[in-house]
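Here's the structure we're looking at; comments come further down.
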Amino acid sequence: MRTSRMRTARALAVAVTAGTVLGLAAPVASAWDDPKNIVAMPSVIPRGGHLTVTVEGKSCMTPGSKITSDAFPDAQLTPTASGGSATAIIHKHATPGAHNITAHCGSKPPLTKPAAFTVIHGGVRGGLGGSSTTGATSTDMAIGGGLVAAAVIGGGVFWLRRRSENASRGI
């Protein structure tokens, strides 16, 4: 009987010790991945565009935290609920293609997100409704002119036909 109680006591002691170790290690483990994530919006941007970058991690709330990239000047992070956020303006001379972003938060090691965003030459292609030019293009003018010409010809044919029908009736 005594050995079964001793085994139970040992098992309980081991479980309590393991739980304590895990409980104390969890906050340390979560501190290792701070900052955690970098999000850049929009992910495709033209030269001169405004890029909003959000970095998750409590260390990014400290003064002096910043983001860096070869495509924009260093930008200071402002504290948010989950980390820091900054708006960067893409250099006019930035090379087209994918660019990295590095977050420097407090005394933590920097975090780099490779290919965080892509710089394109010219405007962003927005699909239907989006455009990188302003005003009507020569194609738009040709299509519009053709439609106006078709309307004038169709109206003239209709008018002449009505006129000939009225003449045959004697009106």
Side-chain angles (χ1 to χ4, degrees), residues 22-161:
L22 286 175
L24 293 175
V28 174
S30 69
W32 285 335
D33 64 350
D34 187 12
K36 301 179 200 181
N37 190 22
I38 299 173
V39 178
M41 294 301 285
S43 60
V44 177
I45 189 164
R47 296 173 181 167
H50 293 261
L51 182 72
T52 302
V53 179
T54 305
V55 184
E56 293 178 38
K58 298 290 183 194
S59 65
C60 296
M61 295 178 178
T62 59
S65 295
K66 65 181 180 178
I67 53 169
T68 60
S69 176
D70 63 336
F72 56 78
D74 293 0
Q76 297 298 315
L77 290 169
T78 54
T80 63
S82 63
S85 178
T87 300
I89 300 174
I90 304 300
H91 291 303
K92 295 284 185 186
H93 62 276
T95 56
H99 292 271
N100 302 341
I101 296 177
T102 301
H104 304 271
C105 298
S107 61
K108 300 290 183 175
L111 173 67
T112 300
K113 181 169 186 178
F117 65 99
T118 303
V119 174
I120 60 170
H121 180 69
V124 175
R125 302 287 179 222
L128 294 175
S131 178
S132 60
T133 61
T134 58
T137 64
S138 58
T139 304
D140 296 334
M141 296 298 285
I143 292 170
L147 290 173
V148 169
V152 168
I153 292 170
V157 168
F158 178 76
W159 182 72
L160 287 174
R161 194 164 175 194

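What you are looking at is a predicted structure, and each value in this text was computed from that prediction instead of being measured.
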Q: Using side chain to side chain contact (heavy atoms under 4.5 Å, CB included) as the criterion, point out the one residue from Thr52, Ile89, Ile90 that pairs with Ile45.
A: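 The residue from Thr52, Ile89, Ile90 that satisfies side chain to side chain contact (heavy atoms under 4.5 Å, CB included) with Ile45 turns out to be Ile90.
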How far apart are the closest heavy atoms of [X] and [Y], and which atoms are they?
X	Y	value
Pro109	Pro35	O-CD, 4.0 Å
Leu111	Asn37	CD2-N, 3.8 Å
Pro42	Phe117	O-CB, 4.3 Å

Using a 3.5 Å cut-off and no angle test, enumerate the donor-acceptor pairs between side-chain atoms of residues 59-67 and protein atoms at least two apart in sequence or in another chain.
unit_1, atom_1, unit_2, atom_2, d
Ser59, OG, Asp34, OD1, 3.2
Thr62, OG1, Ser59, O, 2.8
Thr62, OG1, Ser65, OG, 3.0
Thr62, OG1, Gly106, N, 3.4
Ser65, OG, Ser59, O, 3.4
Ser65, OG, Thr62, O, 2.9
Ser65, OG, Gly106, N, 3.3
Lys66, NZ, Asp74, OD2, 3.4

Can you give each donor-acceptor pair under 3.5 Å made by side-chain atoms of residues 76-84, sequence neighbours left out, with the distance rounded to 0.1 Å?
unit_1, atom_1, unit_2, atom_2, d
Thr78, OG1, Ser85, O, 3.0
Thr80, OG1, Gly83, N, 3.1
Thr80, OG1, Gly83, O, 3.3

Q) Tell me, which pairs form a side chain to side chain donor-acceptor pair (under 3.5 Å) where one or both residues lie in residues 89-104, sequence neighbours left out? A)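 Listed once each, the pairs are Thr68-His104, Asp70-His99, Thr102-Thr112.
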